[in-house]
Amino acid sequence: MTSQDTAPRVTRRRARTRANLLDAAFAVFAAKGFGHVSIEEVCEAAGYSRGAFYSNFATLDELFFALYRDRADLIAAQVTDALAQDGPGLDVPAAVERVTEVLLLDVDWLLVKTDFLVHAARDPAVAQALLDHRARLRAAVADRLSRARGRTALPAVLGDADGAAHAVVAAYDGVTTQLLLDKDVDAARTWLGHLLTALLTDGSGTPE
């Protein structure tokens, strides 16, 4: 077997190890909170040695950053896909329902994201990563609303599509704060649906 044959296998194995460490860390961080978790606990949850950890991440902070970035990118892509399913216009109640399904299903993600927010408040570099993620979410919403202008009217009080996108993210922030406390996903999804529909229309299309 040549080195060219083994290299792809090593790369795939390392990628699998990294993914398993991230998945295990996500579960541990959600259960205990960042700052209350050790490298040993992540390794134990993933079934790997410290050597496997250090071959992929230099520190627990680096793993946490990678975990947040990967999940944030996935959610931004899911929101973009959910908004892209209509034609040139925008069926606001249907789009709202799809987006709330994506944004609210994972309470564990909200716990990890909140930990990241607190961490970011004390570290400008980490804060920029959070701001970038929020900007991607807003850009996905604003782009879809912009393309629907002329076919789907927005309330004038929101200004342009960027203003509407900021309102959407702010509504999400407010609803998820309550969700973190009561863990009532169905109630949070319904309430966010009402809020977003009222924000983006005259309220007449509020979902059931």
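Excluded from the calculations below are hydrogen atoms, water molecules and symmetry mates; all remaining heavy atoms, backbone and side chain alike, are included. The residues of the chain are indexed from 1 along the displayed sequence.
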* Any chance you could lay out the side chain to side chain contact (heavy atoms under 4.5 Å, CB included) test for Leu22 and Arg71, step after step, and finish with the verdict? => CA-CA 10 Å; Leu22 288 172; Arg71 295 280 173 153; over 6 Å; no

### Query
With ring centroids as reference points, do Trp109 and Phe116 lie under 6.0 angstrom apart?
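No - the distance between ring centres of Trp109 and Phe116 does not fall below the 6.0 Å cut-off.
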
Minimal non-hydrogen separation, Ala188 against Val175, with atom names
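Shortest heavy-atom contact: O-CG1, 3.5 Å.
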
Next item on the list: Assert yes or no for the condition that the ring centre distance of Phe29 to Phe64 is strictly below 6.0 Å.
Entry: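 Phe29 vs Phe64: aromatic centres under 6.0 Å.
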
Measure across Ala30 and Val112 and return the closest heavy-atom pair with its distance rounded to 0.1 Å.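 It is N-CG2, 3.9 Å.
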
*asked:* How close do Val42 and Ala25 get, counting heavy atoms only, and between which atoms?
replied: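 Of all heavy-atom pairs spanning Val42 and Ala25, the closest is CG1-CB, 4.0 Å.
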
| So, does Asn20 use its side chain to make a donor-acceptor pair with the main chain of Ala46 at under 3.5 Å? |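 It does not hold such a pair.
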
For the side chain of Thr197 and the backbone of His194, is there at least one donor-acceptor N/O pair under 3.5 Å apart?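 No, the answer is negative, given that no donor and acceptor are paired below the 3.5 Å cut-off.
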
Open item on the list: Listing request: all side chain to side chain donor-acceptor pair (under 3.5 Å) pairs with a residue in residues 169-184, at least two apart in sequence or in separate chains.
Closed with: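 Every pair satisfying side chain to side chain donor-acceptor pair (under 3.5 Å) with a residue in residues 169-184: Arg134-Asp173, Gln178-Asp182.
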
For residues Ala66 and Arg18, report the shortest heavy-atom separation together with the two atoms involved.
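Heavy atoms only, the tightest pair is CB-NH2, 3.6 Å.
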
Inset, instruction - Give the cluster check for Leu110 versus Leu131: same hydrophobic cluster or not, with ILVMFWY residues linked at side-chain heavy-atom distances below 4.5 Å. - result: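 No, Leu110 does not connect to Leu131 through the hydrophobic network.
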
Note to self: Working to the nearest 0.5 angstrom, can you tell me the gap between Tyr54 OH and Glu62 CD?
What the structure shows: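 The distance works out to 11.0 Å.
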
Pairs of donor and acceptor atoms involving the side chains of residues 120-130, under 3.5 Å and at least two apart or interchain, shall be tabulated with distances.
from	atom 1	to	atom 2	distance (Å)
Asp123	OD1	Ala125	N	3.0
Asp123	OD1	Val126	N	3.4
Gln128	NE2	Asp132	OD1	2.9

Taking atom CG of Asp23 and atom CG of Leu67, what is their separation to the nearest 0.5 Å?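 So the gap between those two atoms works out to 8.5 Å.
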
Single-linkage hydrophobic cluster Val185~Val99, side-chain heavy atoms < 4.5 angstrom: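 In one cluster: yes.
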
Are Arg98 and Asp81 within salt-bridge range, i.e. N to O under 4.0 Å?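 Result for this pair is no, no salt bridge flagged.
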
- [ ] Starting at NE2 of His119, measure out to CZ of Phe34 and round the result to the nearest 0.5 Å.
- [x]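 That separation rounds to 4.5 Å.
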
hydrophobic_cluster_shared for Val169 and Leu117, side chain cutoff 4.5 Å
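No, Leu117 and Val169 fall in different hydrophobic clusters.
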
- Message: Quick check: closest heavy atoms across Thr100 and Gly193, and the distance to 0.1 Å?
- Response: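 In this case the closest contact between Thr100 and Gly193 is CG2-N, 4.1 Å.
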
Review point. What distance separates Leu180 CG from Leu111 CG, expressed to the nearest 0.5 Å?
Key: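 Output value for this atom pair is 5.5 Å.
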
Just say parallel, tilted or perpendicular for the rings of Phe57 and Phe53, cut-offs at 30° and 60°.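 Correct class here is tilted.
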
Q. About how many Å separate CG of Asp162 and CZ of Arg138, when rounded to the nearest 0.5 Å?
A.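 Here the rounded value is 8.5 Å.
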
**Prompt:** What closest approach, in Å, do Ala171 and Leu199 show between heavy atoms, and which atom pair accounts for it?
**Reply:**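 Smallest interatomic distance, heavy atoms only, reads CB-CD1, 4.0 Å.
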
Atom pair OG/NZ of Ser38 and Lys32 - distance to nearest 0.5 Å =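 These two atoms lie 7.0 Å from each other.
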
